[in-house]
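Remarks on the structure that follows.
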Amino acid sequence: MDGQKKFYQMTINERRDLLQEESCITENDICALSGTAGLDEDTAGRMIENVIGLYSLPIGIARNFIINGRPVSVPMVIEESSVVAAASNGAKIAQSGGGFHAEADEPQMIGQMQILGLSDLQQAEEKLQRGKETLLSLAGESCPNLLKRGGGPVEIEIRKIPETRVGPMMILHLIMDVRDVMGANLIDTALEAIAPEAERITGGTVRLRILSNLADRRLARASCSIPESALRFKDFSGDEVLERILDAAAFSEADPYRAVTHNKGIMNGIDAVLLATGNDWRAVESGAHAWAARSGVIRPLSHWRKDPGTGNLLGTIELPLAVGTRGGATKVHPGAAAAIKLIGAESAREFAGIIAAVGLAQNLAAMKALSTEGIQRGHMSLHAKQLAVSAGAQGELADRIAARMVRENHVSASYAAELAAEEKGTFHA
Ligand code: MEV
């Protein structure tokens, strides 16, 4: 293999070989990751219902990530072109400032129990406060393996909602440290286990027993500090790009319409890693957007400032990330297991920090492109390849057609079809 080649210039097989050389993943892992020996129909049939087969999406690797001083190859599953390239680009810019610093809270999940039929909420709360220890120990009995791994029930919180459409409501929050799993099953099992005792203590009726996807005790954060010189781009000076990024950040802080798109860009990166690793991206999505709107107005998940001391561009991100490196699909899906192995996180907390860093890199690349030459130029060259493939071209032919469309600044489905027909004519001639 040509050691001088950049990852994006390599063939698919060269990329697979390199990943094996530079990380602890094996040939079997590569096969699972690339889908050649990944999920089989039998296993799929045990994952969900009414299975008719498997559904494929591309998996790519974002490069250049240095997170807490460690190089990380980031597997991303996504249908949208440019996302993997943009994440790699954002990570490369951040590299010049030492990469990303990332961290996450203890993996504490919130389970909710709705208690109805209480005429005196204050009295019921007092009773629950007295019965807390019993409830916590019952919850612990429902998860002996978690206790062995150092997790388990942590706390019980009581919330009173005196007025609802159906009368007064008491909400019991069971907080559990779920260690390295996402935790939905552990929480739901524990809630169901303690519900009869909660009814006995309060005299009320327990209805819903389910985790909350607003995992605001499980926040992950990442930051980067980028020297202005690393932001220089084409005809734009580093200082100019930095100022433009700050203008773009101010836009996202001031306008909900922009904040939503800003956050969508962040979730491009985050969701792609969640998909690659078999994590519940819907849970993270709903939590992230609720977190972004916690003030009552949707705000950007990331913030960009100029460091008054160094003049560096400072980026930060914070969001709830209820993710697991064990259990669920991460265990049964061979590709997801291999993706987690490739990332090499030692805990779900470390993994959450890495995902936050990917979101920040994704955002940085989008802000830089949007505030300078726009995203269409870079996007179009990748989009052109998709159009060429849709027009029936494959391999080198698809690359040739795409390159021509970009060169001629004429990227469209109809032109791709025209060029494909023209090339076929050439071959038949
Ligand atoms: C496109 O998928 C994502 C962007 O719109 C994000 C953004 O505007 O920041 C480019």
Side-chain angles (χ1 to χ4, degrees), residues 8 57-62 64-65 74-94 100 222-224 226 231 233-234 236 240-276 281-282 284-286 288-289 291-293 297-306 313-319 321 355-387 390 406 411:
Y8 71 88
L57 278 174
I59 178 164
I61 306 292
N64 310 324
F65 276 89
V74 180
M76 301 177 87
V77 168
I78 190 156
E79 88 298 343
E80 184 177 336
S81 56
S82 304
V83 171
V84 179
S88 306
N89 181 251
K92 181 146 192 145
I93 299 169
F100 298 92
S223 60
C224 59
I226 301 166
L231 294 165
F233 177 60
K234 298 200 173 165
F236 300 93
E240 220 173 335
V241 174
L242 192 152
E243 292 303 329
R244 284 166 179 247
I245 289 177
L246 295 183
D247 291 345
F251 183 12
S252 68
E253 285 159 22
D255 178 19
Y257 284 88
R258 174 58 204 154
V260 169
T261 321
H262 178 103
N263 291 345
K264 188 273 181 183
I266 290 171
M267 300 313 289
N268 272 347
I270 290 180
D271 285 343
V273 183
L274 297 175
L275 264 167
W281 52 272
R282 287 89 52 215
V284 171
E285 276 280 337
S286 59
H289 298 300
W291 175 250
V297 179
I298 188 108
R299 302 274 185 219
L301 289 164
S302 66
H303 294 280
W304 297 93
R305 296 281 179 271
K306 184 173 181 170
L313 177 67
L314 294 180
T316 54
I317 188 170
E318 181 182 60
L319 76 161
L321 274 167
I355 297 175
V358 175
L360 192 59
Q362 200 73 55
N363 183 228
L364 171 61
M367 304 263 281
K368 185 189 126 197
L370 287 167
S371 59
T372 55
E373 67 170 6
I375 57 165
Q376 283 312 86
R377 198 182 147 80
H379 188 73
M380 273 303 153
S381 61
L382 288 160
H383 182 55
K385 283 192 188 165
Q386 282 185 1
L387 290 178
S390 314
V406 172
V411 180

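We count ligands from 1, going down the list as the structure has it; atoms in each ligand are counted the same way. Count residues from 1 along the sequence.
- Checking only distances, Glu80 does come within under 3.5 Å of ligand 1, N or O to N or O.
- In the vicinity of Thr261, heavy-atom distances shorter than 4.0 Å reach the ligand 1 atoms 5 (O), 6 (C), 7 (C), 8 (O), 9 (O).
- Of the candidates Met367, Met267, Lys264, Arg258, it is Arg258 that places a heavy atom closest to atom 9 (O) of ligand 1.
- A salt bridge does not link Glu253 to Arg258: none of the charged side-chain nitrogens sits closer than 4.0 Å to a carboxylate oxygen.
- The protein non-hydrogen atom at the shortest distance from atom 10 (C) of ligand 1 is Ile375 CD1, 3.9 Å.
- Atom numbering of ligand 1 starts at 1 in the shown order; those under 4.0 Å from a heavy atom of Leu370 are 7 (C), 8 (O), 9 (O).
- You'll find the side chain of Val77 stays beyond 4.5 Å of the side chain of Asp271, heavy atoms only.
- Any N or O atom pair closer than 3.5 Å counts here, and His262 shares no such pair with ligand 1.
- You'll find the side chain of Leu360 reaches within 4.5 Å of the side chain of Cys224, heavy atoms only.
- Shown in contact with Ala366 at under 4.0 Å from a heavy atom are these atoms of ligand 1, numbered in order with element: 9 (O).
- Counting only heavy atoms from C-beta outward, the side chains of Glu318 and Leu301 never approach each other to under 4.5 Å.
- The single protein non-hydrogen atom nearest to atom 3 (C) of ligand 1 is Asn268 ND2, 3.5 Å, given as residue, atom name and distance.
- A salt bridge links Lys234 with Glu373; the closest basic N to acidic carboxylate O contact falls under 4.0 Å.
- Taking 4.5 Å as the limit, every side-chain heavy atom of Leu231 sits out of range of all side-chain heavy atoms of Glu240.
- Proximity of Gln362 to Met76: side-chain heavy atoms (C-beta onward) are separated by under 4.5 Å at one or more points.
- Neither the backbone nor the side chain of Val83 has a heavy atom within less than 4.0 Å of ligand 1.
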